[in-house]
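Take a look at the structure set out below.
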Amino acid sequence: IIHGHGAAVFDRLLSGFASPDIADDPTLVLCRSMQAVKRGDARLARRILHDRWGPRIDNPRATDLPVEARFFRMLLHGWEDFDIGAPDLDADYAILTELGAGDDLGRGSFYNAVLEVYIRTHRFAEADHAATLAMAHYARTDVPILSFYIALHRAMLRMLQGDPADSARLLGDARAHLSAVRFDSPGDARLLSLLAACIDYERGRSDALMRFLSMDLDDLFQGELWPSLAEMV
């Protein structure tokens, strides 16, 4: 819902599930946690998960949880800049075996999550491969905001590899995907502007980046922000 119709519709939908007797429903718990993440509050997201599943939600290798909870835990670790080691990543890949072969939304989101991990650890070849797989799955979902995220990550990846020209090309792809989104997404438009300003900076033009840092930085850090993008800034 949040990626297909936007945060406002998502918030309105969740407000209809306020009855105490359904507050612990696993799906609603994960939705409330996602709502917190999208508002830039990963700490609240973590507390919501703790209230439902206890401290074992923090352990990437704890398997005694529903696959949906383990999947969301993996996503949250990416948003939190959690230090994911090789055994943790192996446990995450086990989740992939539990997703249906035709679950393009789930599989695309899985590769989207590991893409962030690979970029943060500078495993660029693996990041590029994960991005390719994520884009292939998302292309079959008709959820353009998700394709936008992958294109933006790929543009950022090229920046980190010192190729602003290819980054600009991929930024054009991201802009096209964002224009196909059927709801307003100012936070994502802000990410697009930031990366465009960084590309200009690499080409010797600093005005756009200085303007962004002086006028938009506070809003940027009040919304959803991936650690890899924060590191690049």
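By convention here, the first residue in the shown sequence is residue 1.
Contact detail for Asp24 and Arg52: the closest heavy-atom pair is O-NE, 2.7 Å. Smallest separation of non-hydrogen atoms from Leu75 and Ser109: CD2-O, 4.0 Å. When all heavy atoms are compared, the tightest approach of Phe183 to Ile2 is CZ-O, 3.8 Å. The two residues Leu152 and Leu171 make their nearest non-hydrogen contact at CD1-CD1, 4.0 Å. Heavy-atom minimum distance, Ser33 versus Leu49: OG-CG, 3.7 Å. Nearest heavy atom pair, residue Asp41 against residue Leu44, reads OD1-N, 3.0 Å.
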*Yes or no on side-chain contact (heavy atoms from CB on, under 4.5 Å) for Tyr93 and Val114, after CA distance, side-chain angles and deciding distance?*
CA-CA 9 Å; Tyr93 266 97; Val114 297; 4.0 Å; yes
*Please test His5 against Arg182 for side-chain contact (heavy atoms from CB on, under 4.5 Å), starting from the C-alpha separation and ending with a verdict.*
CA-CA 7 Å; His5 301 279; Arg182 295 178 289 272; over 6 Å; no
*Checking side-chain contact (heavy atoms from CB on, under 4.5 Å) for the pair Asp216/Arg211: CA distance, chi angles, key distance, verdict?*
CA-CA 8 Å; Asp216 296 313; Arg211 187 165 54 250; over 6 Å; no
*Taking it one step at a time, do Tyr111 and His137 satisfy side-chain contact (heavy atoms from CB on, under 4.5 Å)?*
CA-CA 9 Å; Tyr111 288 116; His137 284 295; 4.0 Å; yes
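Side-chain atoms of Asp92 and Arg73, non-hydrogen and from C-beta on, never get closer than 4.5 Å to each other. Side chains of Pro144 and Leu178 form no contact here, defined as non-hydrogen atoms less than 4.5 Å apart. By the 4.5 Å heavy-atom criterion applied to side chains, Ser167 and Met156 are not counted as neighbours. By the 4.5 Å heavy-atom criterion applied to side chains, Asp188 and Leu191 are counted as neighbours. Inter-residue side-chain proximity for Leu209 and Leu194 is flagged as met; some heavy-atom pair is nearer than 4.5 Å. In this structure, Lys38 and His3 have side chains that are in contact, with non-hydrogen atoms separated by less than 4.5 Å. Counting heavy atoms from C-beta on, the side chains of Glu68 and Pro26 never come closer than 4.5 Å. The shortest distance between side-chain heavy atoms of Thr132 and Arg154 falls below 4.5 Å.
Sparse packing is recorded around CG of Asp184, with 12 or fewer heavy atoms of other residues, nucleotides or ligands lying under 6.0 Å away. Within 6.0 Å of OH in Tyr201 there are 12 or fewer heavy atoms belonging to other residues, nucleotides or ligands. For Asn59, the CG atom sits in a packed shell: over 12 heavy atoms of surrounding residues, nucleotides or ligands are nearer than 6.0 Å.
The distance from the CG atom of Leu160 to the CZ atom of Arg120 is 13.0 Å, given to the nearest 0.5 Å. In this structure, the separation between CD1 on Ile57 and CG on Leu65 is 5.0 Å, given to the nearest 0.5 Å. In this structure, the separation between CD on Glu126 and OH on Tyr118 is 5.0 Å, given to the nearest 0.5 Å. Interatomic distance, CG of Asn112 versus CE of Met74, reported as 9.0 Å (0.5 Å rounding). Atom CG in Leu105 sits 10.0 Å away from atom CG in Leu99 (nearest 0.5 Å). Atom OG1 of Thr141 is separated from atom CG of Asp103 by 10.5 Å, given to the nearest 0.5 angstrom.
With respect to the salt-bridge test (charged N to carboxylate O, under 4.0 angstrom), the residues Asp11 and Arg39 qualify. Salt-bridge annotation for Arg46 and Asp58: present, with a side-chain N of the basic residue lying under 4.0 Å from a carboxylate O of the acidic one. A salt bridge is absent between Arg107 and Asp104; no separation between the charged side-chain nitrogens and carboxylate oxygens falls under 4.0 Å. Between Asp163 and Arg158 there is no salt bridge, since no side-chain N of the basic residue sits under 4.0 Å from a carboxylate O of the acidic one.
Clustering ILVMFWY residues whenever any of their side-chain heavy atoms sit less than 4.5 angstrom apart, transitively, puts Leu115 in the very cluster that holds Phe110. Phe148 and Leu170 are not part of a single hydrophobic cluster, where members link through side-chain heavy atoms under 4.5 Å apart. Hydrophobic clustering of Ile, Leu, Val, Met, Phe, Trp and Tyr side chains at less than 4.5 Å, counting indirect connections, keeps Phe212 apart from Met210.
No donor-acceptor pair closer than 3.5 Å links the side chain of Arg205 to the backbone N or O of Asp200. Under a 3.5 Å cut-off, the side chain of Ser193 and the backbone N or O of Ala189 do form a donor-acceptor pair.
Taking the six-membered ring for Trp and the full ring otherwise, the centers of Tyr149 and Tyr138 sit at least 6.0 Å from each other.
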